[in-house]
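Heads up, the thing below is written out as structure tokens.
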Protein chains: 2
Amino acid sequence: MGQKVKLSTIAESLGLSTATVSLALRDSPLVADSTRDRIKEQARSLGYIYNRRAASLRTSRSGIIGVVVHDIMNPFYAEILRAIESELDRNRQTFILSNHYDSVEKQRNFIETLLQLGGDGVIMSPAIGTPAADLALAEDNGLPAILVARSVTGIDVPTFRGDDAYGIALATNHLIGLGHRTIAMIGGTDQTSTGRDRYQGYVDALRKAQIEVDSELRIPGPRTKQGGFEAAVTFLSMRQKPTAAVCWNDLVAIGLMNGIARAGLIPGKDISVTGYDDLEEAAIATPALTTVWNGQAEVGRMAARALLDKLAGSHAEDYLHLIKPEMRIRQSTSPHKAI
Amino acid sequence: MGQKVKLSTIAESLGLSTATVSLALRDSPLVADSTRDRIKEQARSLGYIYNRRAASLRTSRSGIIGVVVHDIMNPFYAEILRAIESELDRNRQTFILSNHYDSVEKQRNFIETLLQLGGDGVIMSPAIGTPAADLALAEDNGLPAILVARSVTGIDVPTFRGDDAYGIALATNHLIGLGHRTIAMIGGTDQTSTGRDRYQGYVDALRKAQIEVDSELRIPGPRTKQGGFEAAVTFLSMRQKPTAAVCWNDLVAIGLMNGIARAGLIPGKDISVTGYDDLEEAAIATPALTTVWNGQAEVGRMAARALLDKLAGSHAEDYLHLIKPEMRIRQSTSPHKAI
DNA sequence: GATTTTAATTAAACAGATTCAACAACCGGA
DNA sequence: TCCGGTTGTTGAATCTGTTTAATTAAAATC
């Protein structure tokens with residue numbers, strides 16, 4: 001592989017200066033058309049590779065954007081990522097992706113790496129317990145941050161997420177409307193703002209319908225299929241015999257339905273189940289899952305857009321952007337069977 | 001945010017040269033212990049951020065490794081990625097992730113970006129139709145490549161994947177052993193080496209059992225749940241009435257089972273279904289899916305290891321590494337019911 | 001006390017692009 | 001012929017660390 005081809009290689013081979021070559025390759029109007037064409041042709045034939053780190057050292061713009069979420073394997077985040085990806089791609093930004101698995105330390109490492117690489121910005125779904133200081137670290141060093149799906153208190157950073165309390169209330173009301181009175185809430189934690197909002201939405205909806213809230217009906221747990229699957233045992237052995245379940249998300253709901261089916265009951269008929277997020281998978285689950293659309297694609301798209309705008313110099317004054325969830329009614333819920 | 005803190009800021013504040021500071025921060029034995037401690041302390045208190053692009057400009061080692069697969073949302077790749085991530089993480093490498101969605105062009109763009117950023121290496125599951133030249137582009141410019149899950153002909157690049165023909169034969173033989181004679185093969189394409197290998201494995205197993213191969217029993221299609229779900233219609237309306245299906249992967253199998261259930265039949269009893277990959281999800285599907293373990297975690301781990309070793313200077317002579325698949329028998333397959 | 005070793009520090013070149021003030025060449029007009 | 005105005009090109013500084021040969025200071029040896 002001979003010597004590395006750089007600007008000066010091209011410049012020398014054509015008897016020009018590196019300044020001209022640099023300008024020509026970036027389509028500067030300062031360079032004569034004929035010169036530009038010759039330079040570009042030469043660059044191609046020499047197999048020139050643009051050295052971005054040299055350039056960004058000078059310009060302090062790297063074209064790199066960091067994205068960090070709890071777990072990219074989780075379809076909920078994956079759908080957000082997909083939207084972010086397509087928006088960033090359109091704008092020729094490279095993105096560096098990472099999971100933090102809710103480790104604040106791993107997340108901080110990621111931010112530091114990004115700072116070292118001279119990232120232009122970061123989009124994150126913050127780890128549980130993220131201190132405002134970690135976001136300040138980024139912002140203070142010229143790395144603007146945008147949050148998705150979760151909030152952090154103590155610092156004003158643009159945040160895009162669904163209106164959780166409202167969304168869970170939609171699901172709960174739907175079940176109440178079908179005649180259910182003993183409704184469990186499955187999965188998730190109460191340690192995040194999301195968790196508290198969702199529980200609150202559930203509680204408020206029950207109260208409004210004059211149904212007593214029984215904390216035993218709350219079964220926290222992992223937000224995964226496995227979590228829902230395992231929760232089925234607890235769920236089915238409760239004294240109060242719930243006839244319906246509001247699940248933290250679609251994964252938990254699908255897992256729970258599998259668990260219910262494994263126990264010989266028919267989900268959607270014997271037990272009504274609602275999900276949350278409206279993943280692609282919800283529509284093809286058996287039975288098709290009644291769930292709440294949570295606008296992942298919207299969230300991702302808007303977050304990416306917001307970051308790009310910020311980098312372009314625009315200055316938004318609003319911080320919290322709540323997407324209004326919508327009900328998607330399918331076959332996993334049905335009217336309460338009078339006994 | 002005041003002025004940016006750089007090596008010279010620290011150097012001046014302590015009355016030292018940047019050379020000393022640079023050496024001290026990297027724990028060079030050339031610097032006196034007491035000096036090193038003072039420098040590190042000062043760096044911390046000034047909030048110094050190491051500028052990797054400046055450094056890598058000089059050292060031509062960026063600590064960046066690229067990973068590109070068909071689709072990170074697909075659990076099969078996600079499981080490989082998880083393993084790659086943990087291996088690279090342990091070795092403090094940053095990785096840049098991308099989907100190529102089987103677009104050779106998108107994949108080439110990714111390689112170019114990585115070259116521009118001075119990436120140290122790339123792990124890829126090549127897009128369908130990847131020309132050897134694209135891999136040569138990487139290798140020739142000092143970007144060693146490692147392939148996972150798929151092969152590319154015409155160039156010798158270390159490749160880690162499962163033994164597809166063998167694995168599908170396992171599944172097919174399992175069904176034959178249960179008495180099935182009319183066995184369909186659902187999903188996937190014949191345009192990849194993987195596709196051809198898998199079809200071959202299926203055909204060979206049938207031939208060995210003296211079962212006639214009927215090409216109408218081959219239903220190619222998307223390698224997704226949706227794909228399997230939609231294939232159910234075709235599958236159930238076939239003239240030959242297959243009693244079992246070998247699916248391209250677990251996703252297709254789960255989709256197919258959902259489709260079968262939707263049509264009122266019981267997957268695992270009326271129709272036997274095998275998956276492929278043994279995703280985490282396979283065990284909790286309803287019915288639990290009989291499938292073929294394909295060693296995603298192994299593949300990912302080994303690939304990352306191979307790249308790290310290569311970067312460390314070791315020289316392996318073997319290129320193709322095939323992982324031997326294993327059968328995982330669960331409830332989605334049962335003996336053929338004599339009519 | 002003079003000389004040799006060893007240890008600690010540094011000056012300066014370097015990596016590869018960007019940028020801007022300065023300069024050259026050429027134009028038409030006076 | 002001289003001049004102001006364009007258009008095109010370039011020299012040199014700059015961005016921030018790394019590295020090596022050279023220098024200085026201190027310690028060891030005779």
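Here is how names work: the chains are called A, B, and so on, in the same order as the sequence lines, proteins then strands, and each is numbered from 1.
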N-O pairing of [X] and [Y] below 4.0 Å:
X      : Y      : answer
A:D27  : A:K40  : yes
A:E79  : A:R82  : no
B:R108 : B:E105 : no
A:R36  : A:D33  : yes
A:R38  : A:E41  : no

Measure from the side chain of [X], starting at C-beta and using heavy atoms only, and say which of [options] lies closest.
X     : options                : result
A:V31 : D:dG17, C:dT10, D:dT9  : D:dT9
A:L16 : D:dT18, C:dG16, D:dT10 : D:dT10
A:L7  : C:dT19, C:dG16, C:dA17 : C:dA17
B:R26 : D:dT10, D:dT18, D:dT16 : D:dT18
B:N51 : C:dA17, D:dT16, D:dG8  : D:dT16
B:T20 : D:dT10, D:dT18, C:dT9  : C:dT9
A:L23 : D:dT18, C:dA17, D:dT10 : D:dT10
B:A19 : C:dT9, C:dA11, D:dG17  : C:dA11
B:S17 : D:dT9, C:dT10, C:dA15  : C:dT10

For B:E85 and A:N99, test the side chains for any donor-to-acceptor distance below 3.5 angstrom and give the result as yes or no. yes
Does any donor atom in the side chain of A:R161 or A:T194 lie under 3.5 Å from an acceptor atom in the other side chain? no
Rounded to whole angstroms, how far apart are [atom1] on [X] and [atom2] on [N]?
X      : N      : atom1 : atom2 : result
A:R53  : D:dT18 : CZ    : C1'   : 13 Å
B:R58  : D:dC15 : CZ    : P     : 18 Å
A:R52  : C:dA17 : CZ    : C1'   : 14 Å
B:K6   : D:dT18 : NZ    : C1'   : 16 Å
A:Q116 : D:dT16 : CD    : C1'   : 13 Å
B:L57  : D:dT19 : CG    : C1'   : 13 Å
B:D27  : D:dT19 : CG    : C1'   : 17 Å
B:L14  : C:dT9  : CG    : C1'   : 14 Å

Check whether any side-chain nitrogen or oxygen of [X] sits under 4.0 Å from OP1 or OP2 of [N], and answer yes or no.
X     : N      : answer
B:T35 : C:dT9  : yes
A:Y50 : C:dT18 : yes
A:S22 : C:dA17 : no

Starting at the 5' end of DNA chain D and moving along, which residue's nearest nucleotide shows up first, A:T18 or A:L30? A:L30
Tell me what A:L25 touches on the nucleic acid: a base, only sugar-phosphate, or nothing, going by heavy atoms under 4.0 Å.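 A:L25: no heavy atom of the nucleic acid under 4.0 Å.
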Is A:G15 touching bases, backbone alone, or none of the nucleic acid, heavy atoms closer than 4.0 Å? sugar-phosphate
Bend angle of the helix from C:dG1-D:dC30 to C:dA30-D:dT1, end axes from five pairs each (to 10°): 60°
Any idea which heavy atoms bring A:A149 and A:I80 closest together, and the distance?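 In this case the closest contact between A:A149 and A:I80 is CB-CD1, 4.3 Å.
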